[in-house]
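Order of the sequence lines sets the chain letters (A, B, ...), proteins ahead of strands, with each chain counted from 1. Quick caveat: nothing in here was measured; it's all calculated off a predicted structure. Values below: every heavy atom of this structure, side chains too, minus hydrogens, waters and symmetry copies.
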Protein chains: 2
Amino acid sequence: MAKRTHLQDSEPRVQDDGVPLEARVRAEIIRGAFPPAARLRMEDLKARFEVGFSPIREALSRLIGEGLVEFEPNRGFRVAPLSREDLLDIALARVAVETAALKRSIEHGDDRWEAGIVAAMHQYRRRSPIAFTNEATLLSWEESHDALHAALIGACGSSRLLALQRRLQDQHVRYRRLIVVKEVAQEVHIEEHEKLVELALERRSADAIAEIERHMMITVDALDQSSIWEKFGETAG
Amino acid sequence: MAKRTHLQDSEPRVQDDGVPLEARVRAEIIRGAFPPAARLRMEDLKARFEVGFSPIREALSRLIGEGLVEFEPNRGFRVAPLSREDLLDIALARVAVETAALKRSIEHGDDRWEAGIVAAMHQYRRRSPIAFTNEATLLSWEESHDALHAALIGACGSSRLLALQRRLQDQHVRYRRLIVVKEVAQEVHIEEHEKLVELALERRSADAIAEIERHMMITVDALDQSSIWEKFGETAG
DNA sequence: AAAGTCAATATTTGCGAAAATATTGTAAAT
DNA sequence: ATTTACAATATTTTCGCAAATATTGACTTT
């Protein structure tokens with residue numbers, strides 16, 4: 001008889017089919033369904049996603065490239081760990097990618113680009129609630145927030161810069177989800193984006209870039225003020 | 001730490017086998033062993049690399065994230081296609097990543113960083129031959145060239161920027177291999193790098209960045225002067 | 001005790017058959 | 001001649017077992 005090792009029965013089976021397995025696993029990781037650095041045992045995943053070994057290994061292999069999963073030969077896959085240092089690295093890389101892309105967008109963007117930003121900003125404002133009562137509200141807000149950032153660089157004309165921004169943002173979201181978002185003062189957050197949008201539309205490249213650099217530290221600061229890093233055994237250097 | 005107190009009596013085949021399959025496939029693709037956009041049939045790869053389906057699919061899945069392979073569900077994998085537009089995109093993204101990393105390196109680099117650059121420049125100069133008579137000469141030159149670029153940004157302090165640079169460089173190399181490198185005037189090429197090294201060591205950030213931006217167009221220009229794009233059916237807009 | 005040995009167990013990795021899906025080729029209908 | 005239908009073929013994709021490797025634990029030796 002197979003011996004029961006440790007069951008990970010906290011989360012029920014994920015069923016959403018028709019969606020590629022890779023997307024499903026990615027969503028689970030970003031959502032934080034697995035603890036950071038958790039081992040991803042094949043048997044567990046097989047049961048959870050109700051597929052065989054091959055598709056799972058393939059999906060995880062893809063997610064390595066997205067920075068969400070790590071791999072060591074013969075020792076399997078694990079969720080990418082979280083640390084303050086890593087978050088700083090993400091913020092750094094995002095600044096590099098996103099400022100370059102924004103600069104180009106500001107140079108080349110037409111009125112369609114402008115309209116996209118205005119629309120995204122509107123939706124983001126509308127979806128910023130007083131409080132996050134349920135998960136749907138949070139997800140809706142997050143989606144509009146990320147869409148605004150995407151709209152701002154939408155005219156950069158580089159598929160690679162766009163893809164990199166998306167990838168780094170996914171990695172960033174894992175950290176954002178660690179804080180009870182209540183802690184993020186909504187008014188201030190909205191104002192920052194309004195400022196950023198304004199600068200972009202006025203084609204004030206340098207100022208917009210400076211704003212992004214500042215903006216990217218929000219998550220770092222918020223997490224520093226919580227006591228999250230201690231939980232991960234981080235020395236927070 | 002895996003301790004090996006008693007040796008295995010038969011040392012396994014160390015030839016190709018010690019190298020992970022992913023690295024072998026990547027090398028083949030970068031080398032141009034498969035034509036751009038070529039379909040990668042499972043049976044073919046299985047025969048070529050002498051492994052089963054699973055390891056191949058896994059390796060290819062990883063290479064998607066490196067931008068060397070494309071995938072379409074139920075239609076399999078293919079080598080990432082090449083085009084002038086794509087090369088411009090790579091150059092663009094490289095400028096974004098590499099200038100950000102170089103700027104930070106110049107700000108934070110210590111004498112160890114400087115020494116690394118000087119050493120890399122020396123080796124690069126030594127390995128630049130009058131003519132590329134055989135493949136080994138080419139590979140040796142390429143390695144030293146890429147190592148110099150890595151050394152320049154080595155003190156940027158961001159593992160993500162370093163990884164991105166490496167990844168984009170791999171993609172870039174596929175294009176560089178298209179030209180008979182003879183066409184690249186060696187003296188000019190060396191001089192450009194000497195200039196770049198000089199500016200970096202003198203901590204002239206803005207000038208060094210401008211030099212990189214200019215430098216990144218070399219491959220584009222060289223390929224434009226050849227008639228490569230027509231071969232790919234490119235309109236070369 | 002502490003460290004080493006070795007068997008028992010757990011887990012990952014590779015393999016090829018079989019299922020699922022796409023592509024091609026042929027013939028009938030418009 | 002062009003399109004449609006459908007069978008025949010080719011290819012991808014999944015699955016579970018078996019092999020390879022890592023981990024655990026009980027037992028011996030120093």
Side-chain angles (χ1 to χ4, degrees), chain A residues 1-9 13-26 29 34-35 37-65 68-80, chain B residues 1-26 29 34-35 37-65 68-81:
Chain A
M1 292 304 159
K3 293 191 176 172
R4 296 169 282 107
T5 53
H6 22 134
L7 295 180
Q8 196 160 359
D9 42 13
R13 306 236 154 89
V14 191
Q15 70 222 339
D16 200 1
D17 215 337
V19 179
L21 181 62
E22 178 195 352
R24 292 205 282 148
V25 181
R26 173 173 37 232
I29 291 179
F34 310 98
R39 280 198 67 191
L40 295 167
R41 275 194 230 79
M42 285 304 142
E43 285 296 347
D44 294 348
L45 297 177
K46 193 181 138 169
R48 175 189 272 251
F49 293 101
E50 296 178 292
V51 289
F53 293 124
S54 314
I56 291 226
R57 290 185 67 84
E58 206 174 309
L60 292 176
S61 297
R62 290 206 180 110
L63 293 175
I64 293 174
L68 298 175
V69 165
E70 292 188 350
F71 173 79
E72 209 171 347
N74 290 321
R75 306 207 48 216
F77 300 85
R78 60 176 56 233
V79 178
Chain B
M1 269 193 288
K3 53 181 82 172
R4 38 187 73 191
T5 45
H6 51 100
L7 297 175
Q8 299 289 355
D9 29 19
S10 64
E11 195 65 54
R13 319 144 219 170
V14 197
Q15 329 237 335
D16 275 352
D17 235 342
V19 182
L21 181 61
E22 179 195 352
R24 292 206 282 148
V25 180
R26 174 173 38 229
I29 291 178
F34 310 98
R39 280 198 66 192
L40 295 167
R41 274 193 227 79
M42 285 303 142
E43 287 295 346
D44 295 349
L45 298 176
K46 194 179 136 167
R48 177 190 268 255
F49 293 103
E50 296 177 294
V51 290
F53 291 123
S54 317
I56 291 228
R57 294 195 123 250
E58 210 172 300
L60 292 177
S61 297
R62 288 205 181 104
L63 292 175
I64 293 174
L68 298 175
V69 165
E70 292 187 351
F71 174 78
E72 209 171 346
N74 290 322
R75 307 207 47 216
F77 300 86
R78 60 176 55 233
V79 177

Q) Can you list the residues that meet the side chain to side chain contact (heavy atoms under 4.5 Å, CB included) rule with B:Glu50, with sequence neighbours excluded? A) none

**Q.** Atom-pair distance (CG on B:Leu21; P on C:dG14), nearest Å
**A.** 8 Å

Q. Which nucleotides of nucleotides 6-16 of chain D have their base under 4.0 Å from a protein heavy atom (B), which only their sugar-phosphate (S), and which neither (-), written as one string 5' to 3'?
A. -----SSBSBB

(Q) Restricting to salt bridge (Lys or Arg N to Asp or Glu O under 4.0 Å), what partner residues turn up for B:Arg39, sequence neighbours left out? (A) none

Q.
Checking B:Glu72 now: which residues fulfil salt bridge (Lys or Arg N to Asp or Glu O under 4.0 Å) with it, not counting sequence neighbours?
A. B:Arg75

Q) Who passes ring pair (Phe, Tyr, Trp, His ring centres under 6.0 Å) against B:Phe34, sequence neighbours left out? A) none

Q. With A:Arg26, which residues qualify under side chain to side chain contact (heavy atoms under 4.5 Å, CB included), at least two apart?
A. A:Glu22, A:Ala23, A:Ile30, A:Leu63, A:Glu66, A:Leu68, A:Asp170

